[in-house]
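Inspection log for the structure reproduced underneath, given as C-alpha cells.
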Amino acid sequence: MAANREDEVRVRFAPSPTGMLHLGGARTAIYNWAFARACGGDFILRIEDTDPERSTEENTQIILRALRWLGLDWDEGPEIGGAVGPYFQTERMGTYEAALEELKAKGAAYPCFCTKERLDACRQEAEREHGGYAGYDGHCRSIPAEEAASRIAAGEPHVWRLRVPEGHGPIQFDDAVYGPMAFPADVMDDLILVRSDGSPTYNFAVVCDDANMGITHVIRGDDHLSNTPRQILIYEALGFDVPTFAHLPMILGPDGKKLSKRHGATNVEDYRDRGFLPDAMVNYLALLGWSLDGETTVISKETLCHDFSLERISKKDAVFDEEKLTWLDGVHIREMDEGAWLDAAAPWLAYARCLGERVAPGVSVHPSPTKEEQKERIRQLLAPWREVPEEAWQRALASVADERSWHAQVYPLIIERQTTFNELPDKLSYLFWGKNVALDEKSVAKVLKKEDGRAEEALRICRGVLADESIPWDADGLQEECRARGEAAELKPKLLFQPLRVAVCGNQVSPPLFESIVLLPREDVLARIDGVLETIF
Ligand code: GLU
Ligand code: ZN
C-alpha cells in the first residue's frame, strides 16, 4: 500500500532494539512525532530487529516504555498494529523476499559468489595500489544466468547484489535540512541486498518497509546521510517514489565531540530516574536542532504539535547542555499544580522519609559537603529507592498517599526553589527526623557557636514561644511572637531565627522556617531544640 503523498504525511521512527533509547534516538522520535502531529499525519513506530545477535525483546520493551514516558504516542506500530503491519522487521521477511524476486525478475539484482577471502584480497590490493577501496568490483555481474542458476542449485553460498545501472547520473535529492545533495553514482558499488543466510541488509529492508508503509518523509540522524544515495538506487530499482529526506544534525557533548556515554547519562530512562519531567525532556530535546522562532525556550508539547516544521531544523550540530536542561526542568516544575506535583514528587518524598528515618538518634553533627559535592550527589541519585528494603519502601510510599493533604503543604515550601525532583530527598529529609537532628558542621560553627555567643539565648527565646500552648500552631503567629520577644532582648531577626533554623532543619539553607515548623508536631520541634541546647552549648 503506498499512501498518497499529496494529502497525507506518514513518518516513522525505526529504532533497532540493540540497546536503550538514547537521547539522540529520542530527539529523532520527537521530531517525527511532532511533524506528524503538526501536519495531521501519521506517526509510525517500526522495530528494526533483524540483527539477531544484538536485538532483544527486553530492549524493545525498554524503548516502548521510554517513548510512552516521553508521551510520544504512535498511530501504528507494536501493540496497536495498523493497516500496513506487522511492525517488526523479523515478521516482514516475506516482503523482502518478494521485493528481491521482483528485482531478480527485472534483472536488477544478481547473485554474487565471491568468497570473503576474495573480497578481502581485493580490498587489500586496492588499498595498496590506489590508497583506498572503492567497493565491490562487479566480479559476478556478468555471470550468465544459467551458470548462476546451476551454482545456486548446487548450493554454492551467495549474496544478492543490486545491479547499479551503468551510466546512472549523479544521485540527487533535496534534503529538507541540508538542501540539494548530489552523489556520483559511478562510485556506488553494487551493494548487498540479501546476505548469504537470506537476511536482508539494513538498506534493503528499510527501503522495502518505508515504501510498503507509505512513508512520505524520512527524518533521521545524519549518520545515515551516506546510506541515502544507496537507498535511492533501491527505490528506483523497485519503481517506488522516493520519500523526502530530512537528516538531523548531530548532538555533541560540551567538549564538541559526538554525545556519548563519556559525557554522562545518554539513556533517556536515566533522566526519568533522576526525576526529570518528560515535558521538560521533550522541550529540551526538541530545541537541540530546531527552534520555534530563534528565541523561545519554553515550549509545550501542544505548541510543538502545532508549530513544528522541517524548515526550522538547523544544519548546525547541537550541543547538549545539562545545566540548561536542568533549568528548563525547573521551569516546567513551576508550572505544575499541587496535584501534578504531588504525583511526581511521591517517590522522592517517600525517599526523603526513608532518609529522615535513618538519621542517628539524638543530635549528630555531619561534615558539610562542598557545593560541587552536593551537586554531584544529587546528579547520582537515580531512583535511589531501589536500595530501600521493599517493606520500608512500601510503607513510605503509602504514607505519602495516605497523608496527601499533609504532603500537599510541602508544595508551597519548595515549588519556587526546585529544579529537579531528585534534590527533594536532601532538601526535605528534616521533615522526617522526628525528635532527632542531623546538624551540618559548618552551620554549627557559623551560627550556633558564633563568637557573639547569643545563639543559645536566641534558641531559648524561640523555645519559649514554641512551647507556649496558648499561641496557635500557625506560622505567621509564631514568627511574630518570636520576633517581638527577640526585639525586646535586642536580638535582630537574623540572629534570632538562624539558630532556630539550624536546630530544627539542620542547616542554614532550608525551605521557609516557620512554614516547616508548623508541619511538625510541637513535641518534635521542642525535642530537637532541647537536644541542641544540651549537646552544643
Ligand atoms: N534502525 C535504524 C537505526 O536505528 C533506522 C535508521 C533509519 O531511520 O533509516 O539507526
Ligand atoms: Zn561476486
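Any value given below was found using the heavy atoms of this structure, including those in side chains, with hydrogens, waters and symmetry copies removed. Numbering of ligands and ligand atoms starts at 1, following listing order.
When rounded to 10 degrees, the angle formed at the Zn ion (ligand 2) by SG (C140) and SG (C114) equals 100°.
The residue among S16, G25, P17, G19 with a heavy atom at the shortest distance from atom 4 (O) of ligand 1 is S16.
Ligand-side atoms of ligand 1 in range of E48: 1 (N), 2 (C), 5 (C), range being under 4.0 angstrom from any heavy atom. Near V206, with a cut-off below 4.0 Å to any heavy atom, the atoms of ligand 1 are 9 (O). Proximity to R220 (heavy-atom distance under 4.0 Å) selects the following atoms of ligand 1: 7 (C), 8 (O), 9 (O). Close contacts of ligand 1 with Y202, meaning ligand atoms under 4.0 Å from a residue heavy atom, involve 6 (C), 7 (C), 9 (O).
Of the options R377, K375, R379, a salt bridge (charged side-chain N to carboxylate O under 4.0 Å, His left out) to D426 is made by R377 and by none of the others.
For atom 8 (O) of ligand 1, the closest non-hydrogen atom of the protein is R12 NH1, 2.6 Å. Looking only at protein heavy atoms, the nearest one to atom 10 (O) of ligand 1 is H224 NE2, 2.8 Å.
With a 6.0 Å cutoff to the six-membered ring centre and a 45° limit on the axis angle, R274 counts as a cation-pi contact of Y271.
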Enumerate donor-acceptor pairs with a distance under 3.5 Å from any side-chain N or O in residues 261-268 to protein atoms, sequence neighbours excluded.
from, atom 1, to, atom 2, distance (Å)
H263, ND1, S260, N, 3.1
H263, ND1, S260, O, 3.4
H263, NE2, D255, OD1, 2.7
H263, NE2, D255, OD2, 3.2
N267, OD1, E269, N, 3.1

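Taken to the nearest 0.5 Å, the CG atom of L381 stands 10.5 Å off from the CD atom of E376.
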Q: Check the pair N203, T201 against side chain to side chain donor-acceptor pair (under 3.5 Å), reporting the backbone distance first and the verdict last.
A: CA-CA 6 Å; N203 279 316; T201 56; 5.6 Å; no

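Using cut-offs of 30° and 60° for the angle between ring planes, the W385 and W393 rings count as parallel.
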